[in-house]
Structures are given as C-alpha cells and as structure tokens.
Amino acid sequence: MMPPAAQVSRRWVPSAMALALAGCASLFGVGPAPHLYRVTPKSTYPANLPHPPVQVLVDVPLSPSGLDTARIALSRSAVSIDYFADSAWTDRVPLLVQTALLESFENSKAITAIDRESVGLRADFILKPEIRHFEALYDSPNGAPDVRVAIIARLVNPSGRDIVAQALFERHERAEANEIPQIVLAFDEALGGVMEDIVTWTVRNPALSVKRR
C-alpha cells in the first residue's frame, strides 16, 4: 500500500477539449480544496511553575524555506523533502507555531504579559524560536511515519539584542496509522511536548529573575 504522500493522479481524459478545460481550472484555482488541519496549544503544566513578573514577546519563528509553507511536509531520506497531497495546515508553519506557542504561554498563566513580537510592545525579553524540523519521516516503505518536531528557543535581551539563553527542544511521535488524520495527531502531540518544554524552560530560566533585580 502506498502512503498518502504526494500521490499523482493519473487520469486519462478522452478529448482535447476536456484537457483544455482541466488546464483552465488548474490555472484559475478551481478544483477541490485541500483538507485543512490545525494544531492545539499546550494546556497542562507542572504545578510548581514559577511566575516571574516579566513581559515576554514571541517572535515569528525562523524556518528553512521548505517548511515556510502551509503544506504538510514529509521526508523519505535525510536529503529530501516532499508534501502530502490534498492536505494543508491552516497557516504557514512559522505562524501556526507562533500562535500555538503564544496560546500555550497564556494557558500556563506563568507570564505577566505575552504577545507577538511584531506588535511593538515593551518587553523584558523576546523569545525567538527557530524551527529546525517539522516533518513526517518515512523510515519504511509502507509503515506509518515518525513525526519529528525540533525548535531552538533563544531568549533575547531587547536593549542590547544579546542572547541570554538558548536551548534545543525536540520530540518524535510515531503516527498510529499511515493516514493524514493520524499523522496530524502525531504532529500535534510532538509539537505539544516541545511547547510544554519551551514554556517551562522559559519561565524557569534564571535570566528572568536576574532581569527584574
């Protein structure tokens, strides 16, 4: 059984007119819309999270160009990237992750104020994420993929733009089946674990208490 990734539809059209009409439909975007998927923010955290009285803004994550898209990425080797057919995220991956991370911070109730870096509010720190991996890895021809999410988090002092702390957070989650809904659930689980780790690392970082002193 072939996985649902990037399957090419081979349909033989019986006439030149039908071919022309199909070309026009493709040109003007007429056709079946892709199935859209989203991720959910993290809502459960350790009970002993500190509550540093600081304002932290979250920047739009950096990402490789192959992941800066709404398409759902997959990889069959260390040097290749492809996308699932007829399926997409509700937003470009960097914006998808930024929104989920913001909501995860809000759900933790551990930060006095949290917002997007682009709004220009005064902040004690800026969190600058960088997405290194956000793809489904196929390590067998017909098996379910292993979803890999890896994000570097950098805490930046906005006054001097100095990096005061940096760490890599990574999770792997095996999809329960080689079907898009189950693969998306694996993305959601892996990203959720990474976001919990980022929130916990941020609010427990010694730099936040040093800043207020």
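Keep in mind that the numbers below use all heavy atoms, side chains included, and drop hydrogens, waters and symmetry copies.
- Shown here for Ala110 and Val203, the closest heavy-atom pair between the two residues is CB-CG1, 3.8 Å.
- Here the side chains of Arg174 and Asp139 are in contact, with some heavy-atom distance below 4.5 Å.
- Every residue meeting the salt bridge (Lys or Arg N to Asp or Glu O under 4.0 Å) condition with Arg132, not counting sequence neighbours, appears here in chain and number order: Glu130.
- Summarising the geometry, atom OG belonging to Ser140 is positioned 10.0 Å from atom CZ belonging to Arg76; distances are rounded to the nearest 0.5 Å.
- Atom CG in Leu36 sits 10.5 Å away from atom CG in Asp91 (nearest 0.5 Å).
- In plain terms, the two heavy atoms of Pro94 and Leu67 that are nearest each other are CD-O, 3.9 Å.
- Side-chain contact between Leu101 and Gln98: absent, with no pair of heavy atoms (C-beta onward) separated by less than 4.5 Å.
- By the rule that hydrophobic residues join a cluster once side-chain heavy atoms approach within less than 4.5 Å of another member, Ile81 and Leu62 end up as members of separate clusters.
- By the criterion of side-chain heavy atoms lying less than 4.5 angstrom apart, applied directly or through intervening Ile, Leu, Val, Met, Phe, Trp or Tyr residues, Val199 is not grouped with Ile152; the two fall into different hydrophobic clusters.
- The nearest pair of heavy atoms linking Ala136 to Ile183 is CB-CG2, 4.2 Å.
- Looking only at side-chain heavy atoms (C-beta outward), Trp89 and Val184 come within less than 4.5 Å of each other.
- Residues Asn107 and Tyr45 have side chains that never bring a donor and an acceptor to within less than 3.5 angstrom of each other.
- With a 4.5 Å cut-off on side-chain heavy atoms, Ile111 and Pro52 count as touching.
- Between Pro41 and Phe105 there is no side-chain heavy-atom pair separated by less than 4.5 Å.
- Hydrophobic clustering (ILVMFWY, side-chain heavy atoms < 4.5 Å, transitive): Leu102 and Val149 are in one cluster.
- Of all heavy-atom pairs spanning Asp59 and Ile126, the tightest one is CB-CG2, 4.3 Å.
- Atoms OG and CD, from Ser80 and Glu135 in turn, are 9.5 Å apart once rounded to the nearest 0.5 Å.
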Go through it in stages, so that I can follow the logic: the residues are Val93 and Ser63, the test is side chain to side chain contact (heavy atoms under 4.5 Å, CB included), and I'd like the CA-CA distance, side-chain angles, deciding distance and then a yes or no.
CA-CA 8 Å; Val93 167; Ser63 74; 5.9 Å; no
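- Atom CG of Leu185 and atom CD1 of Ile180 lie 11.0 Å apart (nearest 0.5 Å).
- Sorted by first and then second residue, the pairs that involve residues 182-201 and meet side chain to side chain donor-acceptor pair (under 3.5 Å), not counting sequence neighbours, are Thr40-Asp188, Arg171-Asp197.
- Considering CG of Asp68 and CZ of Phe134, their distance stands at 12.5 Å, rounded to 0.5 Å.
- Inter-residue side-chain proximity for Phe125 and Thr202 is flagged as unmet; no heavy-atom pair is nearer than 4.5 Å.
- Remark: the backbone N or O of Leu137 is not paired with any side-chain donor or acceptor of Ser75 at under 3.5 angstrom.
- Within a 6.0 Å sphere centred on NE2 of His51, other residues, nucleotides and ligands contribute more than 12 heavy atoms.
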Are Asp124 and Val56 close enough, and set up right, to give a side chain to side chain contact (heavy atoms under 4.5 Å, CB included), and what steps lead you there?
CA-CA 6 Å; Asp124 299 302; Val56 178; over 6 Å; no
Decide yes or no on side chain to side chain contact (heavy atoms under 4.5 Å, CB included) for Ile151 and Val97, but give the supporting numbers first.
CA-CA 10 Å; Ile151 298 177; Val97 170; 3.9 Å; yes
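- Counting only heavy atoms from C-beta outward, the side chains of Asn178 and Asn142 never approach each other to under 4.5 Å.
- With contacts defined as side-chain heavy-atom distances shorter than 4.5 Å, the pair Leu155/Leu208 qualifies.
- Contact record, Arg204 with Pro46: NH2-CB, 3.9 Å, taken as the closest heavy-atom pair.
- With rounding to the nearest 0.5 Å, the separation of CG in Leu168 from NE2 in His133 is 8.5 Å.
- Residue Thr90 comes nearest to Arg38 through the heavy atom pair OG1-CB, 3.9 Å, listed as atom of the first residue, atom of the second, then distance.
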